[in-house]
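Given the structure is predicted, the values throughout are model-derived calculations rather than measurements. Worth knowing before you read on, the calculation uses all heavy atoms, side chains too, and leaves out hydrogens, waters and symmetry mates.
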Amino acid sequence: MKAIKVFIDGEEQFKMLCLVEKLNGHPDIMATATGPTEFVVAAEGEYSMAYTRAVIEGRLNDCTIEIIK
């Protein structure tokens with residue numbers, strides 16, 4: 001299992017809920033908001049995490065990704 005924490009700029013806060021919902025639609029990915037400008041994503045494997053990072057980087061203009069596991 002792979003996990004990341006994503007910190008976003010306050011100006012992009014409105015994108016977070018839609019993004020979390022999209023990621024949760026994937027059977028190997030679980031995402032949840034942990035604060036107004038941060039969320040955590042866990043993925044079952046390398047490919048699911050690569051997909052997750054691609055979606056996040058494609059949707060958000062400015063974010064910081066911290067690897068948890």
Below 4.5 Å, heavy atoms only, C-beta onward: do V6 and T64 meet side chain to side chain?
no
Using a 4.5 Å cut-off on heavy atoms from C-beta on, say whether the side chain of E57 contacts that of I65.
yes
C63 versus I56: any side-chain heavy-atom pair under 4.5 Å?
yes
Please tell me if the side chains of I68 and I4 come closer than 4.5 Å, counting only heavy atoms from C-beta onward.
no
Within a 6.0 Å radius of atom OH on Y47, are there more than 12 heavy atoms belonging to other residues, nucleotides or ligands?
no
Identify the heavy atoms of A31 and V20 that sit nearest to each other, and give their distance.
O-CG1, 3.5 Å
If you look at every heavy atom in K15 and R59, which pair is closest and at what distance?
NZ-O, 3.3 Å
Could you tell me the separation between the CG atom of L23 and the OG1 atom of T32, rounded to the nearest 0.5 Å?
11.5 Å
Do L60 and Y51 sit in the same hydrophobic cluster, where Ile, Leu, Val, Met, Phe, Trp and Tyr count as joined when their side-chain heavy atoms come under 4.5 Å apart?
yes
Given side chains that start at C-beta, do those of K5 and E38 come closer than 4.5 Å, heavy atoms only?
yes
Would you please say whether a donor-acceptor pair under 3.5 Å links the side chains of E44 and S48?
no
If we only count heavy atoms from C-beta on, is the V55 to K22 side-chain gap below 4.5 Å?
yes
Any side-chain heavy-atom pair from I29 and N24 closer than 4.5 angstrom?
no
Heavy-atom pair of closest approach, residues I67 and R53:
CG1-NH1, 4.3 Å
With a 4.5 Å limit on heavy-atom distance, are the side chains of F39 and L19 in contact?
yes
P36 versus M16, closest heavy-atom pair with distance:
O-CE, 3.6 Å
How close do E12 and N61 get, counting heavy atoms only, and between which atoms?
OE2-N, 2.7 Å
